[in-house]
Every structure is written in structure tokens, then in C-alpha cells.
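Here's the structure, in C-alpha cells; my notes come after.
Keep in mind it's a predicted model, so treat the numbers as computed, not measured. Atom set for the values below is all heavy atoms of this structure, side chains included, hydrogens, waters and symmetry mates excluded.
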Amino acid sequence: MLLLPSLFSLIRNSVEVYELAMVSRTSSRYAASTAASLVSTPSERCNLTTKFIHPKSRTGPQIPLPKSPRNDGKMNVNDALAQFDKMLQMQTQPPVSSFNTLLGTVAKAKKYEDLFFMFNRMVEANLLPEYIGMNILINSYCDLKRVALGFAVMGGMLKRGYHPNIVTFTSLIKGLCVEDKIGDAVGLLRKIIRMGVYPNVKTWGTLVTGLCRSGNAGVALRLHEELVNGNVGFGLRFKPSLIYYSCLIDGLCKEGFVEKGKELFSEMEGRGISPDVVAYGALIHGLCKMGEWEQAKGFFIHMMDRGIRPNVMTFNMLIDALCKEGKTNEASGLLEMMIRRGEKPDSITFNTLMDGYCLEGRLNDARELFVSMAAKGHERDIETYNVLMNGYCKCHKLKEAMDLFNEMLCKEYKPTVITFNILLTGLFQAGKVEDARKLYSKMKDHDLTPDSATYSILLDGFGKNNCPDEAIDLFRSLEKSGHKLNSLNCNCLLDGLCKAGQLDLASELFARFPEMGLVPTVYTYSIMINGFCKDGQLEKANNLFLEMENKGCAPDVVTFNTLMRGFCNNNDAPKVVELLQKMAKRKFSPDSYTASIVVDLLSKDKSYSKFLQLIPRFSNKG
DNA sequence: GTAGGGTTAG
């Protein structure tokens, strides 16, 4: 879990973004106009702006960013903009801090177009923002995932004699984190410490959040522990916020370290920070995902006892967990409870419960809920339709699914790629290839581009419905158009080819994996092994089994079952027993398919029963 | 009210 040895050796090869920023004014051709105005000294500006002229500008160096509509109800921003206009026209220039206040207001509201417009007008009026204004701009670029521009502005800052401070660097660290450049973020942090600029609780909070979001919660935890206990830290002087803790707990839970999440939760309380509905939510969600339903319920009750009102999200995650456990009646009870408590369910609540009913095959209950939504004035969304259509498809009620699709279109809900993927899967499974073809051809009418899943569904569907040529044609046309195919796509085609008896073509495709930049997965091998077995080529199947092991791809129960079925059908009992032993040695649990193979073996010849004695796991199961 | 972290659900 703790991936790296110590705090400041987190990442070794960080890109030297900082130096880079010192020498390059900007790394981006467009959207850099504002930055360009500010990285230069006034005397240079004339020269520079021509380089960074906005592509649509014909009149000069100023950037004609349109004013965004001012009718969105955000009075603060509108007031700020009106005030800004007034201030620019005043005879005596107001202090720069007044301008900064307005810039800050607009930046906080994330009205970036307005913000850039303001900056440009200031530059026009020869009012170059000083370092606070530039910090606002840097932070905005970072929020917009344009950290390179942030660095460019910092370069301009240095040039104009301002010293970037910890606020500047915190923004840049955030920017690197949101662009998923965690290594660079850590590198920058190390650098500023060497420069004598010391990070504070917000800087550390930024990094911890960034680490959690990028799937490095273990590192975040290590960092946190160092800050609280370690040499570089502050001990009790380090006072992270409730949000900081919520991020960390959530990150840990999402990566499966729920116990650590619980510890952090206690630590937080021990430091006098009271958890809120979000902190509880992060923990409850983590426990639900781990199947720790009782513990999740315990925290749920605990939070209510403490007077923390569960909100719609809290209920939704609990309803989802109950549905996944097959406890739809209890889930429905929770829905009633939330309504009783005055918490309004949203479309996610209903979609989740409907999905639970569908999973249990309770289509009528799902339908009833669907109908009741409209009756009770709850908004449906596209996902509501997707869930119910998926339920119908999974229960082979294709007519109901398609009727719902048409109803949805009549009501002007816009289908998504997922809608099509659900219906295509259903149609292929029901053998309705012609309907699937027609539906697929309609995707473009809805301005939808098939995604990788769509192609897998098609490749698989054509193959399984005796249309291998269509699958091959599709595959070839995708390759020709430069579409990057993944191993799942290829596995679907491989399986179809094998099932259609086109083993040569399958082998050819399998051999092309490396050239396509793909690594065969356990599914790939199982598919090929199955193909060879079905074709009676047991030796090839066995070789492939050995090959996958040598290449470090561990076979799973399906691989074992596939190969054993092959040998069993070929009356090679010793080989089956050998594989059974191998399975037992690796502590694989045989499943019902394994059992059927053994039963088959016994029915062929009772003398094989002596082999069964060798498999304790198996004989114990009775 | 001169700048920086920002969280839970299908």
C-alpha cells in the first residue's frame, strides 16, 4: 500500500516544469492571449502580442473574448462586472486592490470568459495586474486544466519583479494534479522547499487531494502520517479541514482501504473535527462496496443519532448496496423512510431501485416504480429508460424493450450510446440480427458515435449469430479507418471465429496481438483453448495453456474447465485428473461446471473414481 | 470584500 519510501522521494523523475517556465513564455498557441499580455513587460508587449494574437482577431492584439450572457442569476458576478466598468471609466484610478476584489469575485464564480475579458480590458487601459491579480489568473488557468499557461504567467511575474509566493505555487500544484501530473506536482513542491518557500496546510491539502483523486491514496496516507507525526510535519500544528479528511477517507475507501478510512475518521474526531454527512457518506459508501453492510448500517444509525441528517446521496448509496445484496424489499423500505423523513428522492434513487428489481427479475415491480415516478411527479431521465430497457433485454422481453425505446423517443428523450449498447446486446442475444443491424444504422441519426463497447457487442453478436463474415468485415473496416481496437474487441471476434469453426483465421488474429500492441488476457487464452478443444486439437490447446503460464498470465477456473472439458470429451482421463490436481494445489474452487466434467468422467468409466480420491477439496464437497 | 485546498450516490 505504501508505494514509496519517504515523503520527498515520492517521485524521482519529475519533469523540470519550473525551469521550463522560467525560459519559455508559453507552450500553447491559443487561449494564451491573456497570458501573453502579462508575461511581457510593457515595452515588450507590442512585440509579443502579435505572436499570441487570438486566431479570430482581425483588429489588433486585444482578445475579443465575448462577454458571457449576464442573465444566469449570479448577481455577485453581474455586480462585479458593472462595478468594473465604472471603475475603468473613473477619472481618478481606484486602488488596484479594488480591481483585485472584483477579479477574485468573478474567478470564484468560475466565470472565466468574463474574467479574461476583464484582464484584457485592464491591459488595454495600461493597468497591468500586480502579483495578486496574476495569482488569480494563474489559479484560473489551473482550474481550466491549462497549467502550462499558469507557468507562463508565473514567468511573466518573475520578469516584472514579483516573487511568486506559496499561493502561486499551491495553485500550480493543483493545476499539475488536475492534469494528472502528480510526479511534477511533487517535483515542484520539493523545489520550492529548496528555494525556501514553505508549504502550508492548503498546499498539503491540495497535494493530498490530488493524490487521492489519481488513485494514490496509499501515498496520500503516508504523506498525511508524516505531516501529523513525522519530521517534516507540524504535529498538532497541522490543522487539516473537514474536507481534507473527507477526501482522504474517500480516497482510501475507494481503493479498498476501508479500515484505514475508519481509522482516519476516528483520528479526525479525536482532533475535534466533527464529521458531516459527506464524511459519513464516504465511509458508508466504502463499507457498502466492501459488502460490509452491517457496519455501513451501524454508521448510518450512528450519524442519525448524532443529529446528522442523511441526504439523498446517503440514501442512494444504501439503497444501491441493499439492491446489490438482493434485498430489494429492504431497499424499498429505505425509499419509504426517506420520503417519510422529508428527503426527496431523485432520479438516481428510482433508477437504482428499479435496477435492483430488474436484477432480481422483478420486471413488474420495476415497471410499477417507473409508472409511479411519472404519477408522483418525479423526473425520469435517460438513465431511467436505460435501466428498464436493460431489465427487459436481460429477461428476453425484446418487444417491451423496443416499445420503451420508441416511447422514449416520442417523449424526446435523447438516447445515448449506452441505450444503443443495451438494445444491441438484447437483440443479438435474442438472435434478432436484422433488427440489430437496423438499430445500429440508426445511431448516426441520433448523432451518436459507437464506442468500443458497441464494437465489442457487434463483433460478438455477429460471431455468435453465425455471421462471422460480417464480424470480420467490421473488424477490417475499423482497422482500416485507424480505429484503435482493444483486447476485448479482439476477444469478441476471436470467440466468434472459433465458434464459427474459422480456427485458422482466429489463430492468425491471435498471432497478430503483439503487432497490434495488445497483450492476450486470460479471456483471450481461454477462448483460443476452447477453439482448439472443440476442433479436437488437444495438443495445441494444451500448449497454449502452458504458454500462458510461461508468459505470466495465470489461468482461471474457466481456463481450467475449458481444457478439462476438452480432455474429458477426448477420453483422456489422466490429463483431466492432472489438471484437477493442479487446480486443488492452487486453491481454486471448482464450480458447477467443474463438477459436471467429473460426473461425465465417472459416467464414462467407474474406474476413474479412484482419481477422485486424490482431490480432497472435491470429495469433501459431496 | 485583494489570491490558494473542496468532499459522498446509480
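Atom CG in A/Leu211 sits about 15 Å away from atom P in B/dT7, given to the nearest Å. In this entry the distance linking CG of A/Leu353 with C1' of B/dA9 reads 14 Å, nearest Å. In this structure, the CG atom of A/Leu248 is 13 Å from the C1' atom of B/dG5, given to the nearest Å. The separation between A/Phe315 atom CZ and B/dA9 atom C1' is 13 Å, rounded to whole Å. Atom OH in A/Tyr141 sits roughly 16 Å away from atom C1' in B/dA3 (whole-Å rounding). Summarising the geometry, the separation between NZ on A/Lys174 and P on B/dA3 is reported as 13 Å, rounded to the nearest angstrom. In this structure, CE of A/Met303 is placed 15 Å from P of B/dT8, rounded to the nearest angstrom. When rounded to the nearest whole Å, the span between OH of A/Tyr245 and P of B/dT7 equals 18 Å.
Closest to the A/Asn100 side chain, of the nucleotides B/dT2, B/dG5, B/dG10, is B/dT2. Comparing B/dA9, B/dA3, B/dT7 by their nearest atom to the side chain of A/Val278 picks out B/dT7. Taking every side-chain heavy atom of A/Ile348 into account, B/dG10 is the closest of B/dG4, B/dG10, B/dT8. Of all nucleotides listed (B/dA3, B/dG10, B/dA9), B/dA9 comes nearest to the side chain of A/Asp346. Distance from the side chain of A/Thr101 is smallest for B/dG1 among the nucleotides B/dG1, B/dG5, B/dT8. Counting only heavy atoms from C-beta on, A/His285 has its side chain closest to B/dG10 among B/dG10, B/dG6, B/dG5. Relative to the side chain of A/Lys108, the nucleotides B/dA3, B/dA9, B/dG5 differ in distance, and B/dA3 lies closest. When the nucleotides B/dT2, B/dG6, B/dG4 are ranked by their closest atom to the side chain of A/Thr209, B/dG6 comes out on top. Considering only side-chain atoms of A/Tyr131, the nucleotide from B/dA3, B/dG4, B/dA9 that sits closest is B/dA3. Listed nucleotides B/dG10, B/dG4, B/dA3 differ in distance to A/Lys289; the shortest reach to its side chain belongs to B/dG10.
For A/Asn200 and B/dG4, a side-chain-to-base donor-acceptor distance below 3.5 Å is present, hydrogens and geometry of angles not being considered. Judged by atom type and distance alone, A/Asn311 does not reach the base of B/dA9 through any side-chain donor-acceptor pair under 3.5 Å.
Across all strands shown, A/Thr206 has heavy atoms under 4.0 Å from sugar-phosphate atoms exclusively, and none from any base. In this structure, A/Ser98 reaches neither bases nor backbone, as no heavy-atom distance under 4.0 Å exists between it and the strands shown. At a threshold of 4.0 angstrom between heavy atoms, the contacts of A/Ile132 include nucleobase atoms, whether or not backbone atoms are also involved. Residue-level contact check: A/Asp381 touches the bases, meaning some heavy atom is under 4.0 Å from a base atom. Contact annotation for A/Asp320: backbone-only contact, meaning every heavy-atom pair under 4.0 Å involves sugar-phosphate atoms and none involves a base. If you check every strand for non-hydrogen atoms under 4.0 Å, A/Leu318 touches nothing. Using a 4.0 Å heavy-atom cutoff across all strands shown, A/Val277 reaches at least one base atom of the nucleic acid. Counting non-hydrogen atoms under 4.0 angstrom, A/Thr170 reaches a base of the nucleic acid. Across all strands shown, A/Val208 has no heavy atoms under 4.0 Å from either base or sugar-phosphate atoms.
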Please report the C-alpha distance between A/His378 and A/Phe370 in whole Å, then the side-chain angles of each, then the deciding distance to 0.1 Å, and finally whether the ring-ring contact (aromatic ring centres under 6.0 Å, His included) criterion is met.
CA-CA 10 Å; A/His378 293 289; A/Phe370 178 82; over 10 Å; no
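Annotation for A/Met290: atom CE does not count as buried by contact number, only 12 or fewer foreign heavy atoms lying within 6.0 Å.
A/Lys254 has a side-chain polar atom (N or O) that falls below the 4.0 Å cut-off from OP1 or OP2 of B/dA9.
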Tabulate below the donor-acceptor pairs under 3.5 Å that side-chain atoms of residues 298-319 of chain A make, not counting sequence neighbours, or state none.
residue  : atom : partner  : partner atom : Å
A/His302 : ND1  : A/Tyr280 : OH           : 3.0
A/Arg306 : NH1  : A/Glu269 : OE2          : 2.7
A/Arg306 : NH1  : A/Tyr280 : OH           : 2.9
A/Arg306 : NH2  : A/Glu269 : OE2          : 3.0
A/Arg309 : NH2  : A/Arg341 : O            : 3.3
A/Arg309 : NH2  : A/Glu343 : OE1          : 3.4
A/Asn311 : OD1  : A/Met313 : N            : 3.1
A/Asn311 : OD1  : A/Thr314 : N            : 3.0
A/Asn311 : OD1  : A/Thr314 : OG1          : 2.9
A/Thr314 : OG1  : A/Asn311 : N            : 3.0
A/Thr314 : OG1  : A/Asn311 : O            : 3.4
A/Asn316 : OD1  : A/Thr349 : OG1          : 2.7
A/Asn316 : ND2  : A/Val312 : O            : 3.4
A/Asn316 : ND2  : A/Asp346 : OD1          : 3.3

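A/Ser347 and A/Arg380 are not linked by any side-chain donor-acceptor pair at a separation below 3.5 angstrom, with hydrogens and angles left out of the test. Using modelled atom types and a 3.5 Å distance limit, the side chains of A/Ser332 and A/Asn329 yield no donor-acceptor pair.
Spacing between B/dG1 and B/dG5 at atom P, rounded to whole Å, works out to 14 Å.
Ring geometry for A/Tyr385 against A/Tyr413 counts as tilted: the plane angle lies between 30° and 60°, on a 0 to 90° scale.
The side-chain hydrogen bond (donor to acceptor under 3.5 Å, both in side chains) contacts involving residues 93-110 of chain A comprise A/Asn100-A/Glu130, where partners must be two or more places apart or lie in separate chains.
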